[in-house]
Amino acid sequence: VVLSAVAHADVLAVDDREGRPLEGVAAVVTAADLGADLCGRRVRDLPPLAGDRVRYVGQPVAVVLAATRAQAEAAALMVVVETRARPAVLEPVAALDADAPAVHDAPWEYDGAVVPSGSPANLQSEVVEGDGDAVAAVLARCAHVVTRTYRTPAVHQGYLEPQCWTAGPRPGGGVAVQGTSKAPYRLREQTAKTLGLPLDAVEIAPVPLGGDFGGKGGVVDPTLCVALALWAGRPVRLALRSGEDLSATDGRHPSVVTVTLGCDGDGRLQALSVDAVLDGGAFAAVKPIPSANLHGMAECALGYRLDAYAVRSRIAYTNHVPRGHMRAPGAPQAVFAIESAVDELASAAGLPPAEVRRRSLLADGDTDAYGHRWDEARGVATLDAALATLAATWPLARPVPEGWRAGMGMAVYARPTAPPAATSIRLVPGNGTFCVEVPFPETGTGSHSLVRNEVAAALGVDPAAVAVRQVGTGSLPY
């Protein structure tokens with residue numbers, strides 16, 4: 001794959017004259033050859049190949065099809081992309097300024113866009129929760145208030161197995177795809193829509209997923225692989241090298257989070273305000289939920305008793321790699337900021353950080369800031385257990401290396417459980433054994449083990465007699 005070397009530019013020409021004649025090269029393909037629509041999990045704003053404009057370093061511009069990987073990579077080095085630079089915006093807060101360079105001309109016009117016409121040009125999405133006026137009123141009567149701003153960096157999911165796809169035309173029509181997707185049915189739907197195919201023309205077949213951690217639900221690389229296979233009329237394999245995966249796939253959003261937190265004279269938390277700006281990169285396409293935001297940020301006021309809360313989470317377009325979902329999307333950014341503020345508020349109140357948390361954690365029967373009743377709350381018990389373990393192991397038994405510092409900290413994270421989801425399975429009996437066919441992959445969370453154990457219990461057999469196997473999208477309804 002020929003990748004953009006600049007953050008923001010007009011593409012004037014793609015010169016493949018030096019690469020095309022090399023041994024083994026079948027074709028050099030550009031966006032004009034594919035004619036694919038924009039793709040995306042919610043907001044459809046990302047082309048499989050850049051056309052007349054690139055918006056981040058690493059964006060695919062052209063693809064070399066060759067007999068071997070080495071031949072393709074050698075030819076790709078010879079392809080020259082001629083560009084004319086545009087101003088780039090690389091910081092999320094600055095991206096929302098009225099005079100910031102626009103990453104997209106009218107992002108509210110994209111299919112699935114979640115921002116209204118006339119929004120700031122670089123606003124990808126915005127979620128507002130709680131009541132800012134109520135927060136201001138409660139803060140006014142608090143004995144101690146802190147306001148702090150915290151920053152977190154981009155993070156890659158860190159899986160060991162790079163993403164890899166193979167696609168090829170089926171003899172009876174359509175296309176068969178093998179690859180590392182944790183959401184094969186959603187991928188089938190998105191690929192079909194992007195390429196203008198009937199849903200049943202796309203078959204996603206399972207392969208072992210390896211690590212995921214939120215990083216293998218994207219649509220761009222598999223859609224590009226399918227489009228290339230259909231264009232070439234033969235199987236195509238697209239495998240990222242580790243360096244490509246680390247530098248050009250969708251990791252965790254960098255953030256700038258401002259927290260205002262107040263407590264009463266006894267150190268009990270009273271009100272929380274969170275204003276977060278996250279760097280969503282050049283495209284919103286890899287975020288799947290209806291808000292195209294991060295649910296961990298919107299849910300960040302869980303866990304503590306609060307009289308009032310307000311959360312605003314804005315995601316900005318920048319000329320960085322598009323950001324997607326990583327384990328507990330938005331929560332690490334929010335928890336780091338809020339829990340750091342709790343520590344600083346405890347210092348201002350002259351109390352131990354653990355005590356401020358203990359006095360404010362939800363108890364059985366309490367209602368949280370979102371109106372949910374907690375029939376059983378184990379926050380205080382969990383905190384006390386953690387402190388007891390710490391007391392038994394701190395200070396560290398091993399010496400601290402010269403030049404290093406050792407310390408301890410604590411943080412609270414609460415998260416709602418997801419509602420049950422429907423799915424389909426097929427039970428195939430054997431000679432004293434059973435095979436359970438399922439439509440979803442094992443992402444490392446133990447889902448296949450859970451199915452095996454539940455089926456074994458329902459049938460009254462040893463779990464060793466039950467095997468679980470993922471099948472393709474054409475074998476089972478979701």
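Reckoned from all heavy atoms, side chains included, excluding hydrogens, waters and symmetry mates. Note that this is a predicted model, so its numbers are computed, not measured.
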| field | Test log, rule side-chain contact (heavy atoms from CB on, under 4.5 Å), inputs Leu34 and Leu224 | value | CA-CA 9 Å; Leu34 292 184; Leu224 175 58; 3.8 Å; yes

Should we say atom [atom1] of [X] is surrounded by more than 12 heavy atoms from elsewhere, each under 6.0 Å from it?
X	atom1	answer
Arg234	CZ	no
Glu73	CD	yes
Arg237	CZ	no
Arg69	CZ	yes

[Y] side chain reached by [X] side chain, heavy atoms, under 4.5 Å:
X	Y	result
Arg148	Ser340	no
Gln470	His448	yes
Ser424	Pro439	yes
Pro222	Gln163	no
Lys193	Asp111	yes
Asp15	Glu82	no
Arg86	Asn319	no
Val11	Val81	yes

Hey, could you give me the [atom1]/[atom2] distance between [X] and [Y], rounded to the nearest 0.5 Å?
X	Y	atom1	atom2	result
Arg314	Leu96	CZ	CG	5.5 Å
Gln157	Asp250	CD	CG	6.0 Å
Ile425	Cys435	CD1	SG	10.5 Å
Thr223	Leu228	OG1	CG	10.5 Å
Leu362	Arg373	CG	CZ	11.5 Å
Phe213	Thr445	CZ	OG1	10.5 Å

Testing the basics here: between [X] and [Y], what is the closest heavy-atom pair and its distance to 0.1 Å?
X	Y	answer
Gly280	Ile315	CA-CG2, 3.5 Å
Val61	Ser4	CG2-N, 3.9 Å
Ala66	Val25	CB-CA, 4.0 Å
Glu203	Gly472	OE2-CA, 3.5 Å
Ala95	Thr318	CB-CG2, 4.1 Å
Met297	Ala334	SD-CB, 3.6 Å

[X] side chain to [Y] backbone, donor-acceptor under 3.5 Å:
X	Y	answer
Glu161	Gly211	yes
Tyr150	Val259	no
Gln333	Pro254	no
Arg426	Ser475	yes
Arg151	Val256	no
Glu339	Val412	yes
Ser181	Ala183	yes
Asp131	Ala308	no

#### Entry: Verdict with reasoning, His8 to Arg53, per side chain to side chain donor-acceptor pair (under 3.5 Å)
CA-CA 7 Å; His8 199 193; Arg53 189 168 166 185; 3.1 Å; yes

Side chains of Arg44 and Thr194, donor plus acceptor under 3.5 Å: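 A donor-acceptor contact under 3.5 Å links the two side chains.
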
Q. Do we see a donor-acceptor contact under 3.5 Å between the side chains of Ser242 and Asp245?
A.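 No, no side-chain donor-acceptor pair sits under 3.5 Å.
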
Q.
In terms of relative ring orientation, are Tyr317 and His104 parallel, tilted or perpendicular, with 30° and 60° separating the classes?
A.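 Geometry flag for His104 against Tyr317: tilted rings.
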
Worksheet item: Can we say Arg55 and Asp45 salt-bridge, meaning some charged N sits less than 4.0 Å from an Asp/Glu carboxylate O?
Response: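 Here Arg55 does not pair with Asp45 in a salt bridge, since their nearest N and O are not under 4.0 Å apart.
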
Partner of His253 by side chain to side chain donor-acceptor pair (under 3.5 Å), out of His320, His325, Lys287
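Filter result, single survivor: Lys287.
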
Determine the sole option in Tyr309, Tyr304, Trp374 for which the side chain to side chain donor-acceptor pair (under 3.5 Å) test with Asp368 is passed.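 Option passing the side chain to side chain donor-acceptor pair (under 3.5 Å) with Asp368: Trp374.
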
Could you walk me through whether Val257 and Thr152 pass side-chain contact (heavy atoms from CB on, under 4.5 Å), step by step? CA-CA 8 Å; Val257 185; Thr152 64; 5.9 Å; no

Applying side-chain contact (heavy atoms from CB on, under 4.5 Å), run through Thr249 and His156 and close with a yes or a no. CA-CA 8 Å; Thr249 57; His156 187 271; 3.4 Å; yes

Next on the checklist: Tell me if the centroids of the rings in Phe440 and Tyr185 come within less than 6.0 Å of each other.
Outcome noted: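 Ring centroids of Phe440 and Tyr185 are no less than 6.0 Å from each other.
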
For this session: For side-chain contact (heavy atoms from CB on, under 4.5 Å), just list the numbers for Val321 and Ser247, CA-CA rounded to whole Å, side-chain angles, deciding distance to a tenth of an Å, and then say yes or no.
Result: CA-CA 8 Å; Val321 175; Ser247 62; over 6 Å; no

